*Asks:* 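Before we start, here is the structure in question, set down as structure tokens.
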Amino acid sequence: MLGWAITFFIIAIIAAVFGFGGIAGAATGIAQFLFFLFVVLLVISLVAGALRGKRPRA
């Protein structure tokens, strides 16, 4: 999921350089949504692992 967020961020940068403001804005919005979803799922996973008493893999 983080890979998709980075991909949309790169698409947004390229679109902004070429002057496609609408596409850049949409790609930026998608990248932000995916990044925050990734962070929320990461936190939930860490909390669930801590409650079960398992150590995270290195």
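Note that the structure is predicted; figures quoted are calculated from it, not measured.
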*Asks:* Check Ala31 against Ala5 and note the closest heavy-atom contact, atom names and distance.
*Replies:*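 Shortest heavy-atom separation between Ala31 and Ala5 comes out as CB-O, 3.5 Å.
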
*Asks:* Do you reckon Ile30 sits in the same ILVMFWY cluster as Phe33, going by side-chain contacts under 4.5 Å, direct or chained?
*Replies:* yes

*Asks:* Please list, chain by chain and in numerical order, all residues satisfying side chain to side chain contact (heavy atoms under 4.5 Å, CB included) with Val40, sequence neighbours excluded.
*Replies:*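 For Val40, the residues satisfying side chain to side chain contact (heavy atoms under 4.5 Å, CB included) (neighbours in sequence not counted) are Ile44.
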
*Asks:* Considering residues at least two apart in sequence or located in another chain, which fulfil the side chain to side chain contact (heavy atoms under 4.5 Å, CB included) criterion with Leu42?
*Replies:*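 With neighbours one apart ignored, the set is Leu46.
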
*Asks:* Quick check on the hydrophobic clustering: are Trp4 and Ile13 connected, directly or via other members, by side-chain heavy-atom contacts under 4.5 Å?
*Replies:*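 No.
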
*Asks:* Could you work out, with side chain to side chain contact (heavy atoms under 4.5 Å, CB included) as the rule, every residue matching Phe20, not counting sequence neighbours?
*Replies:* Ala15, Phe18, Ile23

*Asks:* In this structure, would Phe38 and Phe36 fall into the same cluster of hydrophobic residues linked by side-chain contacts under 4.5 Å?
*Replies:*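 Hydrophobic grouping puts Phe38 with Phe36.
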
*Asks:* What pair of heavy atoms forms the shortest contact from Ala16 to Ala24, and how long is it?
*Replies:* N-CB, 3.8 Å

*Asks:* May I ask whether Leu37 and Phe9 are part of the same hydrophobic cluster, defined by side-chain heavy atoms of I, L, V, M, F, W, Y residues being less than 4.5 angstrom apart, directly or through others?
*Replies:*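 Leu37 and Phe9: separate clusters.
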
